[in-house]
Amino acid sequence: MDDTASTTTSVEDNTGNLLDNPTRDTLAEGLLGLLKPTVDQLDERVRATRISQLELKQQIESLNEELQKVKEALNNHPDLDPYVKKLIACKHKVTVVLNVLQASQNQNRAQAGLCLIRAASTDTMETPYQNHIDSKDFDHVYEPAEDSFLLIDALEKDLEFLSSKKPIFCLEVGSGSGVVITGLGMAFPQTICFSTDINLKACVMSKSTASHNRVALECVNMDLTSCFLDNKFDIIIFNPPYVVTESSECGGTDITASWAGGVKGRQVTDRLLNMIPKQLAEGGVFYLLLIKENIPEEVADIMMKHGFQSETVIKRQVRNEHQLVMKFYR
Amino acid sequence: MKLITHNMLTSKCLKGVLQGYPLAINATDVKVTEVDFNPEFVSRIIPKLDWNVLWGAADSLGHSEGLPKTVEPKYEEDQEFLKKAHHVLLEVEIEEGTLTCPESGRQFPISKGIPNMLLTEAEVQ
Ligand SMILES: C[S@+](CC[C@H](N)C(=O)[O-])C[C@H]1O[C@@H](n2cnc3c(N)ncnc32)[C@H](O)[C@@H]1O
Ligand SMILES: C[S@@+](CC[C@H](N)C(=O)[O-])C[C@H]1O[C@@H](n2cnc3c(N)ncnc32)[C@H](O)[C@@H]1O
């Protein structure tokens, strides 16, 4: 095997002819011996997690059946209907999360495998696995976190309001892993869901998350909504890069784009605010996640100047971050 | 990418481009997948479309057979029509190919079903 990977080269530089060096083999063996128990343990844990996920899946399915029965039995008790709907929505959410977890588990496992391969042989770093993992890994795509779930919760809270709008076209800007728009697509099977992201790997992952959940999602690799015709979307949602950073950190197309928000953490958001009035269809509504540092009052002001009313749908404190979801409508 | 998306995409964000619509399609891989037919839903989509553009897109992919060039007033009652519309809107997908700006000739690649509409800073209005 060609021993030219940059990492090994640097080792060679320091230690001379390591290539035919028995010390290296002993070292490699030692390392492998050290790593193997950890990898085995990891593998065992992944297996255990998978088993519990399978159980969870079965539970979800039986819950679904129960809900169906309850729903039928309740036909003449309309007052309980909201609760059943809530349970169904909850089931949807758990299912999406489960699928995302499963997808990421597959990657972790493959990655653990890759580590083992790397430890065992010092040959080329470019294995066929690499591309596959790279394209899906949460090292490159924003991993769903509290903010993602707060946005899902906000939409869930507004489910009735949203369905009264009879949405046809829904759009998530910056969809990342795709959890949020997939959740929305599951809640509204009679819509067409679109997503954009500036990060191609996020587009790929969003598409696969959606198809895992049998949601047809149209993903486009674009900046915000810049290439869509006007007046199309009934619902637009955005969980922006909201962290206050140096202005220069903004504008990437990789993982930095998922958090770097520049001045007030609003540099990306503010650009979208100016596009929203044109992009929304008549009667359309826009949901935006913000943190306190983004100065939500200022955002409300900007949107008021565009003729929008605003409302805070939900708030939550996560560690030292105050997150909220606002909605805007005319 | 489905043709419904093509119907909504423009390259007007390019510097010097006025309409950027419709984008010309050049497909090297087209996939057809079955999607549940819901006549009521398709009826609701029709008024949100540019029908001419949809017809042209379907035609350029060889899927315009039997698709009328104009939408009749009582289209909601025409099951045959709705089925054809459903097919070209939701079942035909471009996996690989390019979209071309009608004014500037700038090409946007479609790869694994995802159109890449990213522009360089110099290209933006
Ligand atoms: C949009 S996400 C919010 C994630 C979630 N709410 C949480 O705090 O667990 C932004 C978070 O990413 C974190 N982060 C990750 N990598 C970072 C990096 N390289 N520089 C700055 N912040 C980073 C920041 O701490 C920030 O709170
Ligand atoms: C905080 S993450 C949210 C991801 C996902 N929506 C979620 O809630 O888990 C922000 C996302 O916006 C994307 N993004 C940042 N700037 C963008 C831009 N100008 N246009 C489109 N997407 C952008 C990032 O790549 C990232 O996927």
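Heavy-atom basis, side chains included; hydrogens, waters and symmetry copies ignored. Just so it is clear, the structure is predicted and the values come from calculations on it, not from any experiment.
Among all heavy-atom pairs drawn from A:K166 and B:R44, the shortest one is O-NH2, 2.5 Å. Nearest approach of B:N7 to A:L229, heavy atoms of both residues: O-CD1, 3.5 Å. When all heavy atoms of B:C13 and A:C227 are compared, the pair lying nearest together is SG-SG, 3.1 Å.
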A:V204 vs B:I114, side-chain contact (heavy atoms from CB on, under 4.5 Å): CA-CA, chis, key distance, verdict
CA-CA 8 Å; A:V204 172; B:I114 301 171; 3.8 Å; yes
Let me see the working for B:K2 and A:I192 under side-chain contact (heavy atoms from CB on, under 4.5 Å), right down to the final yes or no.
CA-CA 11 Å; B:K2 296 182 201 283; A:I192 298 178; over 6 Å; no
Dump the intermediate steps for side-chain contact (heavy atoms from CB on, under 4.5 Å) on A:F194 and B:I4, then the final yes or no.
CA-CA 10 Å; A:F194 296 84; B:I4 178 88; 4.2 Å; yes
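Both the backbone and the side chain of A:F228 come within less than 4.5 Å of a heavy atom of chain B. For B:K12, the part sitting under 4.5 Å from any heavy atom of chain A is the side chain, from C-beta outward, and nothing else. Both the backbone and the side chain of B:N116 come within contact range of chain A, with heavy atoms under 4.5 Å apart. Contact of B:L90 with chain A is made through the side chain alone, with heavy-atom distances under 4.5 Å. With a 4.5 angstrom heavy-atom cutoff, A:T191 touches chain B only via backbone atoms. B:Y21 touches chain A through its side chain: at least one heavy atom from C-beta onward sits under 4.5 Å away, while N, CA, C and O do not. Only the side chain of A:K207 comes within contact range of chain B, with at least one heavy atom under 4.5 Å from a heavy atom of that chain. For a residue to count as touching a neighbouring chain, one of its non-hydrogen atoms must lie under 4.5 Å from one of that chain's; by this rule B:T10 touches chain A with backbone and side chain alike.
Listed for the A:Q190 side chain is no donor-acceptor partner under 3.5 Å among the backbone atoms of B:F41. In this structure, the side chain of A:K232 engages the main chain of B:K48 through a donor-acceptor pair within 3.5 Å.
Separating the CE atom in B:M8 from the CD atom in A:Q279 is a distance of 8.5 Å, to the nearest 0.5 Å. Rounded to the nearest 0.5 Å, atoms CG (A:N221) and CD1 (B:I110) are 12.0 Å apart. Taking CE of B:M117 as the start and OG1 of A:T196 as the end, the distance is 12.0 Å to the nearest 0.5 Å.
Ranked by heavy-atom pairs under 4.5 Å with chain A, the first of B:L9, B:L118, B:D36 is B:L118.
The local environment of NZ in A:K165 is crowded, with over 12 non-hydrogen atoms from other residues, nucleotides or ligands closer than 6.0 Å. Counting non-hydrogen atoms of neighbouring residues, nucleotides and ligands closer than 6.0 angstrom, the CZ atom of A:R214 reaches no more than 12 such neighbours. Crowding of B:Q19 atom CD: a count of heavy atoms from other residues, nucleotides or ligands under 6.0 Å not exceeding 12.
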